[in-house]
Every structure is written in structure tokens, then in C-alpha cells.
2 protein chains.
Amino acid sequence: MVTYQDDMLDAVFNALGNPTRRQILLRLRDGFEVPASTLAEPFPISLPGFTKHLRSLQRAGLIGQRKQGRERLYWLLPEPLEIANRWLDEYEAFWHTRLDSLNAHLRKQRLDEG
Amino acid sequence: MVTYQDDMLDAVFNALGNPTRRQILLRLRDGFEVPASTLAEPFPISLPGFTKHLRSLQRAGLIGQRKQGRERLYWLLPEPLEIANRWLDEYEAFWHTRLDSLNAHLRKQRLDEG
DNA sequence: ACTATACTAAACCACATGGTTACCTATCAG
DNA sequence: CTGATAGGTAACCATGTGGTTTAGTATAGT
């Protein structure tokens, strides 16, 4: 079963699966608008290479953009992160309540069986 | 700054960025061990194609594996999901407390400035 | 009007990814 | 021992990704 949210989750998780893009999001975490060049400054890659990461984040709906003069300002859109977080939360019960007892059980079982 | 956890987060988020792999994890969410062929059964791809997804999940540390007879059993390892969840939690304060007020502020500011 | 700035766009490249088919290995059943 | 079953490995292919360089556009400053 493929849900309507699958494309969204694909885009968000793939966007998060890159350290440059995660750093961009961290930089925007305080909620301010930041121009592209300022965002790009810490990274040792070309500007065209960098703006590809911005496009990826935009496709995932993770950042907003507007033009101001010759600058382009970006800001964080946290909604997709919240959706990703909700997907992960489906496992929270598992890792909190089952982790100790069940894994211990399986570990023992595996040892017993070889 | 690239932390020692970056490779881990890359692997986990990239593993999650695919609907087939997310479904595998859902299938394993109840904590039981499931043989490869049973896991593969719902998916309309070849078995070698499918086992590549299992390798991807193993590289991310998301599943464990053991051989039992001629079957290979897989089970969920939730720790990496917890780490990913903790990374996302860094934004939780933002989307809960700032979302309404700050975004409203920025939206107004953008309207004001054109 | 001219020049510098802040990007964007396009073409290219190497490598990764997600799929395939063909083949191999290990185990179970008779 | 033989055949079927479970699954892994290798080679291949098309497409995507993350980077580059080169060139272009729009705005600001003088």
C-alpha cells in the first residue's frame, strides 16, 4: 500500500540524507531569513552546486524563498519535518517499551539456537 | 562542522527515503523476525532487487539478520530511528512555539516589503 | 552608462541507486 | 544422491545525484 504521503516522505527523507542540506536547515532553525550567499559561505563547493541543495530543500517543501533586490532570501518551513517526525513516532512505542525486553529475548533465543 | 554522527544520519535518512524500505520497516514494527521471502512477497520487484533494499537497511543499522536453516530472518533495530528522531526533535520547539507567531510575523513582513 | 554583485541556467562528468537477468551456494525433502 | 527451495553474488543498464565550469540575467552602486 502506497499512501498519498509517500512522495512527500521520499522528498523529505532524501533531502535530510545529506549533511550539507541538514546544515542549511540548522542554520535556518532560528527562523530568520538568510540570503543564499550567506547560507553558502560555510561550504567549500561552488555556488551553482550549492543552489542545487536549495532546490532539493524547496522540492521537499522544507524552505521558502523570496527575492529581495538582487538577493534571494530563504527561511525554514518546518511542516515537512513535523510530518517526518510523526512517521518516526510510530516506532517510538517500539523502541521505548519493547527494546529492552524483546531484544533481550531475541538475543537469548539467537544464542540458544546457534 | 561535520559530526561523527553525520554518516549515520546520512545512511538512516537515505534508507528512509524510499517507500519500499519504509514498508519493510513497518512490516517489522511488531518486533518479530521475518524471513526474506515473506518480506519480499508484497513487492512487485525481483528478489535480487529486493535484497538490495535489505542491504541498504542493514548498512543503516536498521535491521538485524540471522540465518536459520535455508531461511534468512530479519528483525527491526530501532536505535537508528531513535537517533533520527532526536535530530528532528531539535526542530520541535521551533514548529510548536514559533510556527504561528513567527511565521505570521514573517508573512506580514514579506507583504509589507513587497 | 559601466561595473560589480548575486544569483540562475545549461552542459557536462563521475559515481550512486534501483532495477534487471543469469548464475551460484546452501539447505531441506524424498 | 537428487531435486526443489531460499537466497545471495555478479554483471549490466537507465536514471538520479552532487559536483564542476561556462555563460547569462537582474539589480545596485558610482
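Chain letters run A, B, ... following the sequence lines, proteins first and then strands; every chain starts at 1.
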Are the side chains of A/Trp75 and A/Arg66 in contact, using a 4.5 Å heavy-atom criterion?
yes

Please check if B/Leu62 and B/Leu73 belong to a single hydrophobic cluster, counting links between Ile, Leu, Val, Met, Phe, Trp and Tyr side chain heavy atoms closer than 4.5 Å.
no

For atom CG of B/Leu54 and atom P of C/dT17, their distance in whole Å:
16 Å

Give the rounded distance in Å between these two atoms: NZ of A/Lys67 and C1' of D/dA28.
12 Å

Could you list all N or O pairs between the protein and nucleotides 14-18 of chain D that sit under 3.5 Å apart?
| residue | atom | partner | partner atom | Å |
| --- | --- | --- | --- | --- |
| D/dG18 | OP1 | A/Arg21 | NH2 | 3.3 |
| D/dG18 | OP2 | A/Arg21 | NH1 | 3.1 |

To the nearest 0.5 Å, atom CG of A/Leu76 lies from atom CD1 of A/Ile63 at 9.0 Å

What is the separation between atom CG on B/Leu57 and atom C1' on C/dT17, rounded to the nearest whole Å?
14 Å

Could you state the atom-to-atom distance from CD of B/Gln58 to C1' of D/dT9 in whole Å?
15 Å

Parallel, tilted or perpendicular, judged at 30° and 60°: which one describes the rings of A/His53 and A/Phe50?
perpendicular

So, do A/Leu25 and B/Trp87 sit near enough that their side-chain heavy atoms are less than 4.5 Å apart?
yes

Toward the 5' end of DNA chain C, by each residue's nearest nucleotide, B/Phe50 or A/Pro48
A/Pro48

Looking only at heavy atoms, which two atoms of B/Leu47 and B/Ala40 are closest? And how far apart?
CD1-CB, 3.6 Å

In whole Å, I'd like the distance from the CG atom of B/Leu73 to the P atom of C/dA26.
18 Å

Using OP1 and OP2 only, check whether a side-chain N or O of A/Gln68 sits under 4.0 Å from D/dA26.
no

What nucleotide, of D/dT21, D/dG8, C/dC7, holds the atom closest to the side chain of A/Ser46?
D/dT21

Expressed in angstrom and rounded to an integer, what is the separation of A/Arg66 atom CZ from C/dT8 atom C1'?
19 Å

Between CD of B/Glu33 and CD of B/Gln68, what distance do you get to the nearest 0.5 Å?
7.5 Å

Quick one, which residues of residues 35-44 of chain B touch DNA chain D with a heavy atom under 4.0 Å?
B/Pro35, B/Ala36, B/Ser37

Check A/Pro19 against B/Asp6 and note the closest heavy-atom contact, atom names and distance.
CB-OD2, 3.1 Å

Need one value for A/Ile45: base, sugar-phosphate or nothing, where a base atom within 4.0 Å counts as base even if backbone is also close, heavy atoms only.
sugar-phosphate

Rounded to whole angstrom units, what separation is found between the CZ atom of B/Arg72 and the C1' atom of C/dC28?
16 Å

Donor-acceptor pairs under 3.5 Å, side chain of residues 10-17 of chain B to any protein atom, not counting sequence neighbours: which ones?
| residue | atom | partner | partner atom | Å |
| --- | --- | --- | --- | --- |
| B/Asp10 | OD1 | A/Arg22 | NH1 | 2.8 |
| B/Asp10 | OD1 | A/Arg22 | NH2 | 2.8 |
| B/Asn14 | ND2 | A/Gly17 | O | 3.1 |
| B/Asn14 | ND2 | B/Asp10 | O | 3.0 |

Counting only side-chain N and O atoms of B/Arg55, is one of them less than 4.0 Å from OP1 or OP2 of D/dG8?
yes

Nearest-angstrom distance from the residue atom CG of B/Leu47 to P of D/dG7:
7 Å

